[in-house]
Amino acid sequence: MSAKLIKGTEIREAILEEITKEVAEIKEKHGVVPGLVTILVGENPASISYVTLKIKTAHRVGFTEIQDSQPVDISEADLLALIDKYNNDDSINGILVQLPLPKHVNEKKVLNAINPDKDVDGFHPVNVGRLMIGGDEVRFPPCTPAGIQEMIVRAGVETSGAEVVVVGRSNIVGKPIANMMLQKGPGANSTVTVVHTRTKDLAAHCQRADILIVAAGVPGLVKPEWIKQGSCVIDVGVNRVGEKPSAKDPNKMVAILKGDVDFDAAKEIAGSITPVPGGVGPMTITMLMRNTLKSLKFKLGIA
Ligand code: NAD
């Protein structure tokens, strides 16, 4: 039997519709819309394409959006001053610094200078701490883990009491999603195991998982025999394994993307599974929009 596909592209559309509606309601009632600033340093093509997509999505849901592009040789002091300016700008609810930053700039110092109440990426230590405490302390759950949890919930998968196994312990995916799934509350209440490169028997842990979340960055790491019959498999991995001519323009080459799970075999065993591409990928920017809206709602006292 083939697993139900959990499509990030479809869930994204539903959430963006919800956000657009709420933004219009807030505008009507309070006369304001969320404001997002994206700070881009230099001209890294991948960064430009991420920022372009963020701007397009922000416009779509009715936010005001500032794209602040800075030269690659901007000094650390000038970048910190820029962040200070947006920290004190009342029309801005979310500040996003596109990574990576050039080597002469201390990335940690820059990210930690963002006002935690405008840190819609959720990476500031204050927000990481709030996430760990859970409940109504949480302000901005980091976007990819928030997207993963949303997909599990919207797919109708029971999380309470479920065995969740997370492959990978990075600060942006593995650790926060593990923390979120063990919290008390809806979409969580799970029993969580985190496995990583030093784990002795990866297969045995994965085989117990009712919900298997894989964020390792190793194509095809999870074999079909590691998957429990009927389980929910969330494949976060995005791995470039080659190139192929673009469907739109055959003269242009585009990346061939594969996840961390052997999808074709896994879908015959799992109950539900995310594809790559089109699974977790589209959720990250969607949740960034939700966090930015949430930031305005906190400010208005309606969150
Ligand atoms: P990372 O490299 O920071 O962390 C990978 C983790 O996986 C590490 O903790 C490591 O211990 C573990 N790991 C690696 N190889 C392993 C192995 N053989 N066995 C067991 N554990 C292993 O990566 P990350 O930033 O967490 O990203 C992971 C993957 O998710 C990447 O493919 C990345 O591109 C993708 N990703 C996708 C999105 C998205 O779709 N929106 C967002 C973030 C990351």
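Atoms within a ligand are numbered from 1 in the order they appear, just like the ligands themselves.
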| Starting from atom 16 (C) of ligand 1, which protein heavy atom do you reach first, and at what distance in Å? | Thr197 CG2, 3.6 Å
| Any idea which atoms of ligand 1 are less than 4.0 Å away from a heavy-atom of Gly168? | 6 (C), 7 (O), 9 (O), 12 (C)
| Side-chain ion pair, Asp117 and Arg139, N-O less than 4.0 Å | yes
| field | Protein heavy-atom partner closest to atom 23 (O) of ligand 1 - residue, atom, separation in Å | value | Ser170 CB, 4.3 Å
| remark: Near Val173 (heavy-atom distance under 4.0 Å), the atoms of ligand 1 are 26 (O), 43 (C), 44 (C)
| Should we say atom CE of Met253 is surrounded by more than 12 heavy atoms from elsewhere, each under 6.0 Å from it? | yes
| note | Here the atoms of ligand 1 under 4.0 Å from any heavy atom belonging to Val218 are 15 (N)
| said: Taking Glu163 first and then Lys228, would you say they form a salt bridge - that is, a charged N and a carboxylate O separated by under 4.0 Å? | reply: no
| request: Under the salt bridge (Lys or Arg N to Asp or Glu O under 4.0 Å) rule, what do Arg154 and Glu18 come out as? Steps first, then yes or no, please. | output: CA-CA 14 Å; Arg154 288 189 188 232; Glu18 290 162 18; 3.0 Å; yes
| Which residue holds the protein heavy atom closest to atom 18 (N) of ligand 1, what is that atom called, and what is the gap in Å? | Leu221 CD1, 3.6 Å
| query | Taking only residues two or more places apart in sequence, or in another chain, which ones meet Lys7 in a salt bridge (Lys or Arg N to Asp or Glu O under 4.0 Å)? | reply | Glu10
| For ligand 1, is there an N or O atom under 3.5 Å from any N or O atom of Val280? | no
| query | For atom 19 (N) of ligand 1, what is the nearest protein heavy atom, given as residue, atom name and distance? | reply | Leu202 CD2, 3.6 Å
| note | The protein heavy atom nearest to atom 37 (C) of ligand 1 is Val236 O, 3.3 Å
| task | Within a distance under 4.0 Å of any heavy atom of Asn239, pick out the atoms of ligand 1 and give their elements. | result | 32 (O)
| Where do Asp119 and Lys294 land on the salt bridge (Lys or Arg N to Asp or Glu O under 4.0 Å) test, with the steps shown first? | CA-CA 11 Å; Asp119 165 46; Lys294 207 169 164 195; over 6 Å; no
| field | Rounded distance [0.5 Å steps], CD in Glu13 versus OG1 in Thr286 | value | 8.0 Å
| Neighbour count above 12 (heavy atom, 6.0 Å) for Asn88 CG | yes
| query | Would you say Gln98 and Lys54 make side-chain contact, with heavy atoms under 4.5 Å? | reply | yes
| Numbering the atoms of ligand 1 from 1, which are under 4.0 Å from a heavy atom of Gly281? | 40 (O), 41 (N)
| remark: Residue set satisfying salt bridge (Lys or Arg N to Asp or Glu O under 4.0 Å) with Glu17, at least two apart, ordered chain then number -> Arg60
| More than 12 heavy atoms of other residues, nucleotides or ligands under 6.0 Å from NZ of Lys258: is that the case? | no
| query | Could an N or O of ligand 1 be found under 3.5 Å from any N or O of Asp260, whether backbone or side chain? | reply | no
| Ala215 touching ligand 1 at heavy-atom level, < 4.0 angstrom | yes
| For atom 9 (O) of ligand 1, what is the nearest protein heavy atom, given as residue, atom name and distance? | Arg169 N, 2.8 Å
| query | Of all the non-hydrogen atoms in the protein, which one sits nearest to atom 25 (O) of ligand 1, and at what distance? | reply | Ile172 CD1, 3.4 Å
| task | Using a strict cut-off of 4.0 Å, indicate which atoms of ligand 1 neighbour a heavy atom of Thr284. | result | 39 (C), 41 (N)
| said: Using every non-hydrogen atom in the two residues, find where Arg12 and Met283 come nearest and quote the distance to one decimal. | reply: N-SD, 4.2 Å
| message | If we set the cut-off at 4.0 Å for heavy atoms, which region of Asn171 has an atom near ligand 1: side chain, backbone, both, or neither? | response | neither
| Nearest option to atom 29 (C) of ligand 1, as decided by whichever heavy atom of Pro176, Gly8, Cys206, Gly217 sits closest | Gly217
| task | For ligand 1, indicate whether the residue Val195 contacts it via side chain, backbone, both or neither (heavy-atom separation under 4.0 Å). | result | neither
| query | What is the closest protein heavy atom to atom 32 (O) of ligand 1, and at what distance does it sit? | reply | Val238 N, 3.0 Å
